Number of protein chains: 2
Amino acid sequence: MLEALLDKLNKFHPLSPELTERIRAVATLVTHPAGDIILREGQVCNKACLVIKGLARSYYIIEGRDITSRFMDEGFIITSWISYYTQQPGNEFIEALEETTLICIHYTDIQKLYTDFPEFNIIGRKQAEYGFCMAEQRTQILRKHTAEEKYKFFLDNHPTLLQRVTLKNIATYLGMNEETLSRVRSKFHKRKD
Amino acid sequence: MLEALLDKLNKFHPLSPELTERIRAVATLVTHPAGDIILREGQVCNKACLVIKGLARSYYIIEGRDITSRFMDEGFIITSWISYYTQQPGNEFIEALEETTLICIHYTDIQKLYTDFPEFNIIGRKQAEYGFCMAEQRTQILRKHTAEEKYKFFLDNHPTLLQRVTLKNIATYLGMNEETLSRVRSKFHKRKD
DNA sequence: CGGTCCCATTGACATATGTCAAGAGAATGC
DNA sequence: GCATTCTCTTGACATATGTCAATGGGACCG
């Protein structure tokens with residue numbers, strides 16, 4: 001199972017045998033049941049985890065509203081980026097939406113990897129660059145003008161998530177409320193007949 | 001003037017004399033007059049530039065609307081991140097809002113720095129991590145519920161920009177139109193009397 | 001099997017924001 | 001120095017989305 005992580009890292013940059021060994025030594029497998037809160041607001045996020053199986057969402061609460069910031073399924077990294085990078089308490093929750101199996105590495109272990117294996121910084125850099133691009137892309141959804149365009153964008157970019165996530169969570173991800181999304185959907189799919 | 005760049009990089013990670021020398025060799029100073037388009041939609045962004053003096057904004061056009069994605073002033077990096085990282089044509093324009101002086105390094109030179117100086121990846125990683133956090137923060141503006149909250153957030157986080165940027169550009173940055181911003185401001189500042 | 005919860009939909013209505021138009025003032029250019 | 005833009009504001013009105021409430025269908029659980 002650890003192979004999934006090694007594969008992913010290898011695609012960023014080839015891992016030496018020594019580095020591979022060290023990663024094996026510090027990576028741990030965890031499974032969260034559906035509904036589990038993996039990280040809470042106010043905590044420092046001290047690990048980064050690859051999703052092997054399952055699905056989670058990150059969200060935060062602002063003025064009493066639950067706002068979904070990200071969905072993370074197989075192949076993606078679960079962490080609360082700002083809290084992780086700055087090692088300060090963050091405002092994000094992370095919640096398992098399905099039973100979710102993760103390979104986790106602690107922040108301090110990752111920092112040691114950076115200092116002990118300079119080439120691991122290449123991987124860290126490319127991962128951060130990738131995450132950055134994804135973040136910019138997510139932002140573009142919120143800049144769409146109408147609810148319908150946001151929904152269309154979601155359909156085009158996350159077709160599989162639609163079956164796995166409640167519409168309420170999708171709605172808060174798209175910056176609208178549940179009822180609006182429901183109406184947009186009925187109008188949108190009616191036209192397709 | 002190059003010192004500003006070296007200072008910034010040094011704060012991420014100490015630069016060896018050799019690395020410092022190489023950076024000096026590849027960095028170039030450029031000045032754009034106000035109104036200049038530094039990058040156009042459809043181009044590949046092949047450099048990253050530190051703003052020494054001046055101010056620019058990146059924007060893109062979607063369904064005929066001009067949407068500001070970022071403001072970049074002194075100390076910040078000007079580049080079109082997705083296009084830069086992927087080296088694919090992007091959809092962003094970058095426009096100098098004031099006369100703007102930059103220290104630029106070409107993408108290929110940066111890549112050579114990564115391969116020739118492994119520790120330069122530490123700097124690249126930390127810069128990407130920082131940019132990622134900034135991107136997440138920008139996104140939070142768009143998730144605010146009302147126009148007034150968005151404006152308040154902008155006031156708190158970019159107080160100096162208000163004097164340097166037209167309200168129209170701020171409005172598109174905040175995901176509202178010019179008139180709405182104007183009304184929010186008059187209501188908001190009236191209360192302060 | 002019946003009760004309870006959660007999810008999604010729909011209706012009626014309220015309201016925030018967008019749109020279109022006009023105008024005043026400042027900045028810019030010939 | 002005058003004309004021309006541009007910026008910002010304001011008004012009247014249109015409309016998209018939010019809010020509140022009710023309903024029906026599943027899923028889950030005792």
Side-chain angles (χ1 to χ4, degrees), chain A residues 33-37 55 57 59 61-68 71 95-99 141-155 161-193, chain B residues 33-37 55 57 59 61-68 71 95-99 141-155 161-193:
Chain A
D36 220 15
I37 303 292
L55 172 63
R57 78 173 177 116
Y59 64 100
I61 301 201
I62 180 169
E63 295 134 38
R65 292 164 193 274
D66 171 324
I67 307 282
T68 300
F71 295 110
E95 169 195 23
L97 297 177
E98 303 173 357
E99 180 179 276
I141 288 192
L142 298 174
R143 295 210 186 95
K144 299 271 176 193
H145 189 50
T146 64
E148 181 171 343
E149 280 156 18
K150 291 176 187 180
Y151 177 61
K152 214 183 320 177
F153 188 97
F154 186 84
L155 273 187
L161 279 185
L162 198 61
Q163 333 299 333
R164 300 173 73 181
V165 180
T166 65
L167 292 180
K168 184 186 176 67
N169 284 339
I170 295 176
T172 69
Y173 179 70
L174 298 179
M176 66 186 73
N177 65 17
E178 202 181 352
E179 295 92 331
T180 300
L181 177 59
S182 181
R183 281 185 253 267
V184 164
R185 276 163 52 81
S186 84
K187 206 175 61 174
F188 186 84
H189 293 119
K190 211 166 279 170
R191 275 213 306 275
K192 300 265 153 171
D193 300 341
Chain B
D36 219 16
I37 303 291
L55 172 63
R57 79 175 176 115
Y59 65 100
I61 303 204
I62 181 168
E63 296 136 36
R65 291 163 193 274
D66 171 324
I67 308 281
T68 300
F71 295 110
E95 170 193 22
L97 296 177
E98 304 173 356
E99 180 179 275
I141 289 191
L142 298 174
R143 295 210 186 95
K144 299 270 175 194
H145 188 51
T146 64
E148 181 170 342
E149 280 156 16
K150 291 177 187 180
Y151 177 62
K152 214 184 318 178
F153 188 97
F154 186 84
L155 274 186
L161 279 185
L162 198 61
Q163 333 299 332
R164 300 172 75 181
V165 179
T166 65
L167 293 179
K168 185 186 176 67
N169 284 339
I170 295 176
T172 68
Y173 179 71
L174 297 178
M176 65 186 74
N177 65 19
E178 200 182 354
E179 295 93 330
T180 300
L181 178 58
S182 180
R183 281 185 254 265
V184 165
R185 277 162 52 81
S186 84
K187 206 175 64 176
F188 186 83
H189 291 121
K190 212 166 279 169
R191 276 212 308 273
K192 300 265 153 172
D193 301 342

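Note that this is a predicted model, so its numbers are computed, not measured. All chains are named by letter (A, B, ...) in the order of the sequence lines, taking the proteins before the strands, and each is independently numbered beginning at 1.
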Could you list the donor-acceptor pairs under 3.5 angstrom formed by side chains in residues 175-183 of chain A, with sequence neighbours left out?
from: Asn177(A); atom 1: OD1; to: Thr180(A); atom 2: N; distance (Å): 3.1
from: Asn177(A); atom 1: OD1; to: Thr180(A); atom 2: OG1; distance (Å): 2.8

If you measure from NZ on Lys152(A) to OG1 on Thr146(A), what distance do you get to the nearest 0.5 Å?
7.5 Å

Separation of dC6(C) C1' from Asn169(A) CG (nearest whole Å)
12 Å

Reading DNA chain D 5' to 3', which nucleotide is the first, and which the last, to come under 4.0 Å of any heavy atom in chain A?
dT17(D) to dA21(D)

Roughly how far apart are Asn169(B) CG and Arg164(B) CZ, rounded to 0.5 Å?
13.5 Å

Separation between OG1 (Thr172(B)) and CG (Leu167(B)), nearest 0.5 Å, reads 11.0 Å

Sequence neighbours excluded, which residues qualify as side-chain contact (heavy atoms from CB on, under 4.5 Å) partners of Lys144(A)?
Glu149(A), Lys150(A), Phe153(A), Ile62(B)

Considering only heavy atoms, which members of residues 170-179 of chain B lie under 4.0 Å from some atom of DNA chain D?
Glu178(B), Glu179(B)

Where does the angle between the aromatic ring planes of Phe71(A) and Tyr173(A) fall among parallel (under 30°), tilted (30 to 60°) and perpendicular (over 60°)?
tilted

Between NE2 of His145(A) and CZ of Arg65(B), what distance do you get to the nearest 0.5 Å?
3.5 Å

Regarding Arg183(B), tell me which of base, sugar-phosphate or nothing describes its non-hydrogen contacts under 4.0 Å with the strands shown.
base

Protein-to-nucleotide contact annotation, 5' to 3' order, nucleotides 24-30 of chain C [B base; S sugar-phosphate only; - none; under 4.0 Å, heavy atom]:
-------

Which whole-number value in Å describes the distance from Leu181(A) CG to dT10(C) P?
12 Å

Taken to the nearest 0.5 Å, the spacing of Phe154(A) CZ from Ile170(A) CD1 works out to 4.0 Å

Which atom pair, heavy atoms only, marks the closest approach of Arg143(B) to Ile67(A)?
CD-CG2, 3.2 Å

What pair of heavy atoms forms the shortest contact from Ala96(B) to Pro33(B), and how long is it?
CB-O, 3.6 Å

With rounding to the nearest 0.5 Å, note down the distance linking CD in Glu99(A) to CG in Leu55(A).
12.5 Å

How sharply is the helix from dC1(C)-dG30(D) to dC30(C)-dG1(D) bent, taking the axes over five pairs at either end and rounding to 10 degrees?
40°

